[in-house]
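Keep in mind it's a predicted model, so treat the numbers as computed, not measured. Reminder, nothing fancy here: chain letters follow the sequence lines and each chain counts from 1.
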Protein chains: 2
Amino acid sequence: MPAKKRGTTSSSKSADFSQVDVARLAGVSQAAVSRAFTPGGSLSDDTRAKVMAAVKQLGYRPNVIARSLVQNSTNIIGLVVKRFTNPFYAQMIQEFTRVLQEQGYWTLVFNIAEKQEIEEALPMALQYRVDGLIITSATLSSKLADECARSGTPVVSFNRYATDGHSHMVYCDNFEGGRMVADALIDAGHTRIAYIAGEESSSTNRDRETGFVRRLEERGHALALRESAGEYDYEMGYAAAERLLLSGTPRPDAIFCANDLIAMGALDLARCKLGIKIPAELSIIGFDDIPAAGWPSYELTTVRQPFGILVDTTIQVLMDAIHDPESEVIKKVVTPTLIWRGSSRRKE
Amino acid sequence: MPAKKRGTTSSSKSADFSQVDVARLAGVSQAAVSRAFTPGGSLSDDTRAKVMAAVKQLGYRPNVIARSLVQNSTNIIGLVVKRFTNPFYAQMIQEFTRVLQEQGYWTLVFNIAEKQEIEEALPMALQYRVDGLIITSATLSSKLADECARSGTPVVSFNRYATDGHSHMVYCDNFEGGRMVADALIDAGHTRIAYIAGEESSSTNRDRETGFVRRLEERGHALALRESAGEYDYEMGYAAAERLLLSGTPRPDAIFCANDLIAMGALDLARCKLGIKIPAELSIIGFDDIPAAGWPSYELTTVRQPFGILVDTTIQVLMDAIHDPESEVIKKVVTPTLIWRGSSRRKE
DNA sequence: CGTGATATTGTATACGTATTCAACAAAAAC
DNA sequence: GTTTTTGTTGAATACGTATACAATATCACG
């Protein structure tokens with residue numbers, strides 16, 4: 001049992017040892033103990049050994065919070081995510097935490113449901129003095145962006161535009177992805193082409209749709225039908241497809257869906273509930289290339305977001321910004337790839 | 001531009017204001033500013049107003065790190081997860097961060113790949129002085145558990161046993177879940193029953209399998225075949241099912257898979273590659289009830305882990321432990337439910 | 001007006017670390 | 001042998017906050 005207790009309230013945590021305790025036991029100064037834990041700290045092998053012996057004997061562990069206070073750097077990155085049922089984002093968190101850890105950073109997750117909740121979560125992240133922020137599925141208000149800039153906290157917007165003048169950006173070329181799908185469907189001979197939107201207010205949806213529709217028009221086609229899922233999830237995609245396919249108008253022969261989950265919902269509805277042959281009677285194309293898109297039950301043609309590259313790039317940009325706070329706004333665009341699978345007809 | 005700069009190195013962050021700055025501007029003491037941010041702090045309306053005016057003018061934001069240092073409490077919970085491709089765990093993180101936020105806590109994620117990495121990650125969590133720890137998909141070595149206990153950091157093991165004498169536990173009754181599946185398959189008239197294991201070393205796999213096999217034996221049946229996926233993911237399940245179904249021995253008429261992802265892999269292999277009719281020729285049952293299990297393309301019969309309850313219970317246990325550090329080890333077992341769907345035959 | 005209770009405020013200190021500065025010792029250079 | 005360089009060390013201070021304690025000011029009540 002530790003020889004010393006601190007704190008008076010019963011709810012306080014048990015005693016931890018400080019560098020002072022270690023120093024006393026080792027017969028050196030507190031500064032020496034600190035230097036023993038500082039890479040490149042000036043310390044003789046002799047005292048270092050004495051310190052380490054005392055450290056081991058006490059089971060001392062440095063207090064990162066105290067270090068963060070004096071060094072004004074926490075080694076923590078704030079990751080703001082919108083509530084995700086989408087495997088794409090689950091995979092993202094997975095990947096972000098992993099790569100950040102490799103670089104010696106830890107991830108504090110802020111989970112926001114409503115768009116407006118970011119107004120509360122982000123100030124909290126700043127209060128924790130995170131070294132940097134990654135924002136997915138949300139856009140910073142200019143007021144928030146200013147606060148980040150003022151506190152010197154670099155921000156990278158992931159898969160979103162940011163026009164605030166401070167945030168860096170890394171995103172997939174959604175516009176180009178939409179164009180690819182338009183070309184693919186026209187080339188395959190489709191004539192009644194539909195689109196199912198995801199979350200209407202998201203820039204990803206806007207860009208995918210705009211690229212898609214523009215390219216259709218460039219090649220003399222028009223969008224035959226449009227429906228909105230409202231969210232990027234399976235159930236909403238299923239329901240939207242139902243509205244689309246039972247609307248009474250002539251059935252489309254191809255649907256481009258704003259993401260894979262929506263596409264899988266649409267595919268299941270068409271195939272399982274309406275008995276439509278995929279792709280003979282209806283082509284369906286998604287966006288993201290989540291793992292399930294490649295499963296034999298779906299064989300979903302889709303636009304692959306190279307998320308390994310996206311994540312790595314995002315973290316690289318963030319690291320650069322942390323080490324050079326004065327740098328200009330960086331903007332990296334990653335090009336997606338069309339992955340041909342069995343849910344869409346090929347060129348004849 | 002802030003009137004004052006701190007730090008000397010070029011890489012230091014921009015100036016933030018401290019309570020001292022606010023106090024000077026408001027013409028009060030630093031303590032008064034602190035009290036203005038302390039709920040129930042003794043302060044007159046007059047000075048409070050002066051403080052708040054200065055706060056607003058400067059754009060002051062409290063430094064949670066400094067507060068954590070003096071209060072010896074960070075309001076951060078460490079969440080240790082094993083690298084997850086499994087949607088079940090993605091959903092968990094989602095849910096944990098959400099509920100913890102509702103309770104005023106933030107989540108620091110530690111992502112470990114290899115079992116042994118926890119030996120590095122966990123001390124780090126302790127260095128950050130987290131108020132509590134939730135451990136999923138891993139077991140604490142007794143050495144680590146001791147360190148947590150010594151530092152007074154409560155630990156809840158999620159869906160794992162912990163015999164270290166300190167960790168609390170919340171888990172689903174996997175043993176009972178296995179029994180349910182055995183009963184369901186026997187009642188439906190199956191005679192050649194197989195099992196595909198997940199990660200062999202996990203207690204979840206062991207319990208599901210043991211419950212399953214024991215119950216089979218109790219009712220006079222034996223396990224006809226056994227194969228191991230090795231991991232809890234789709235690809236491994238697909239491959240394991242291939243080995244199982246092409247092994248040359250008479251084909252099983254039912255397979256219980258250690259989780260849904262494995263089951264979906266097995267189902268896709270059987271149906272799409274081998275052309276086996278599900279459930280007429282082969283019943284498949286999974287475990288977890290992930291969202292995709294209910295999709296019309298799979299209609300997977302499965303054992304539902306009530307993960308909302310699991311998460312809520314875990315956090316409740318953790319909160320209790322934080323507020324009463326001297327409490328005995330708590331162990332909560334949640335009972336799963338069998339969800340009947342189309343991938344398995346019903347009783348005749 | 002006096003007295004005690006109460007509310008408000010400031011001073012001083014603590015939390016655990018990193019780091020500057022000066023002191024000193026040892027070694028190297030001459 | 002002296003001077004210069006280099007390497008080690010401790011004392012002192014700073015980081016930004018919370019809080020115990022003492023010192024007031026305010027008020028109620030007689």
Side-chain angles (χ1 to χ4, degrees), chain A residues 4-9 11-24 26-51 55 58 60-75 126-129 151-152, chain B residues 2 4-9 11-24 26-51 55 58 60-75 126-129 151:
Chain A
K4 188 174 88 176
K5 288 243 181 198
R6 291 211 196 76
T8 53
T9 67
S11 72
S12 77
K13 299 177 69 170
S14 305
D16 282 306
F17 293 103
S18 73
Q19 293 185 343
V20 175
D21 301 310
V22 176
R24 192 173 310 148
V28 299
S29 73
Q30 173 266 325
V33 180
S34 173
R35 281 190 265 260
F37 284 91
T38 306
S42 165
L43 208 60
S44 71
D45 293 348
D46 183 42
T47 38
R48 188 180 304 271
K50 282 194 291 186
V51 168
V55 163
L58 293 179
Y60 164 79
R61 204 192 308 283
N63 185 326
V64 182
I65 296 296
R67 176 190 299 165
S68 298
L69 179 60
V70 52
Q71 292 193 329
N72 200 23
S73 159
T74 52
N75 275 357
L126 294 180
Q127 289 186 27
Y128 272 100
R129 300 299 196 263
S151 71
Chain B
K4 187 172 88 176
K5 287 244 183 201
R6 292 212 193 76
T8 52
T9 67
S11 72
S12 78
K13 299 177 70 171
S14 306
D16 281 307
F17 293 103
S18 72
Q19 293 186 345
V20 176
D21 303 308
V22 176
R24 193 174 308 148
V28 298
S29 74
Q30 173 265 326
V33 180
S34 173
R35 281 190 266 259
F37 283 91
T38 306
S42 164
L43 210 59
S44 71
D45 294 347
D46 184 42
T47 38
R48 188 180 303 270
K50 283 194 290 188
V51 168
V55 162
L58 293 180
Y60 163 80
R61 204 191 309 281
N63 185 325
V64 182
I65 297 296
R67 175 189 299 165
S68 298
L69 180 60
V70 52
Q71 292 192 328
N72 199 25
S73 159
T74 51
N75 275 356
L126 293 180
Q127 288 187 28
Y128 272 101
R129 300 299 196 263
S151 71

Considering heavy-atom distances to DNA chain D, does B/Ala66 or A/Gly27 have its closest nucleotide positioned more toward the 5' end? A/Gly27
Return yes if the base of D/dG16 and the side-chain atoms of B/Arg61 contain a donor-acceptor N/O pair under 3.5 Å, otherwise no. no
Min side-chain heavy-atom separation A/Phe17-A/Arg61 under 4.5 Å: no
Has B/Gln71 got a side-chain N or O lying under 4.0 Å from the OP1 or OP2 atom of C/dA14? no
Mind checking B/Ser42 for me? I need base, sugar-phosphate or nothing, with any heavy atom below 4.0 Å counting as a touch. base
Once you round it to whole Å, what is the distance between C1' of C/dT9 and CZ of B/Arg48? 13 Å
In whole angstroms, how far is the P atom of D/dT26 from the CG atom of B/Asp45? 15 Å
If you only use heavy atoms from C-beta on, which nucleotide in C/dT17, D/dT9, D/dT17 is closest to the side chain of A/Ser44? D/dT9
B/Arg67 CZ to C/dC15 C1', straight-line distance once rounded to whole Å: 14 Å
Rounded to whole Å, CG of B/Asn63 lies from P of D/dA14 at a distance of 18 Å
Below 3.5 Å, does any donor atom in the side chain of B/Gln30 face an acceptor in the base of D/dA18, or the other way round? yes
Sugar-phosphate only, base, or nothing, as touched by B/Ala32 at under 4.0 Å among non-hydrogen atoms: sugar-phosphate
Listed nucleotide nearest any side-chain atom of B/Val28, set C/dG10, D/dA18, D/dT17: C/dG10
Rounded to whole Å, the CD-P distance (A/Gln127 to D/dA18) equals 11 Å
Minimal heavy-atom distance between A/Ala32 and A/Leu43, with the atoms involved, is O-CD2, 3.5 Å
Against the side chain of A/Ala31, the closest entry in D/dA12, C/dT11, D/dG16 is D/dA12
All heavy atoms of B/Arg35 vs all of B/Arg48, minimum pair found to be O-NH1, 4.4 Å
B/Asp21 atom CG is separated from D/dA14 atom C1', nearest whole Å, by 14 Å
Over all strands shown, is B/Val64 touching base, sugar-phosphate only, or nothing at heavy-atom distances under 4.0 angstrom? nothing
Applying a 4.0 Å non-hydrogen cut-off, can you work out what A/Ile65 is touching in the nucleic acid: base, sugar-phosphate, or nothing? nothing
Base, sugar-phosphate, or nothing: which does A/Val33 touch, judged by heavy atoms less than 4.0 Å apart? nothing
Of all heavy-atom pairs linking B/Tyr60 and B/Pro62, the shortest is OH-CA, 3.2 Å
Phosphate contact (C/dT17 OP1 or OP2) by A/Tyr60 side-chain N/O below 4.0 Å: yes
Mind checking A/Ser68 for me? I need base, sugar-phosphate or nothing, with any heavy atom below 4.0 Å counting as a touch. nothing
So do the side chains of B/Asp16 and A/Arg129 get within less than 4.5 Å of each other, counting heavy atoms only? yes
Contact check, side chains of B/Thr74 and B/Val64, non-hydrogen atoms, under 4.5 Å: no
Rounded distance in Å - CZ (B/Arg35) to P (C/dA7): 14 Å
For a quick test of reading the model: is some side-chain N or O of A/Ser18 closer than 4.0 Å to OP1 or OP2 of C/dC15? no
Measure CG/B/Leu69 against P/C/dT17 and give the value in whole Å, please. 9 Å
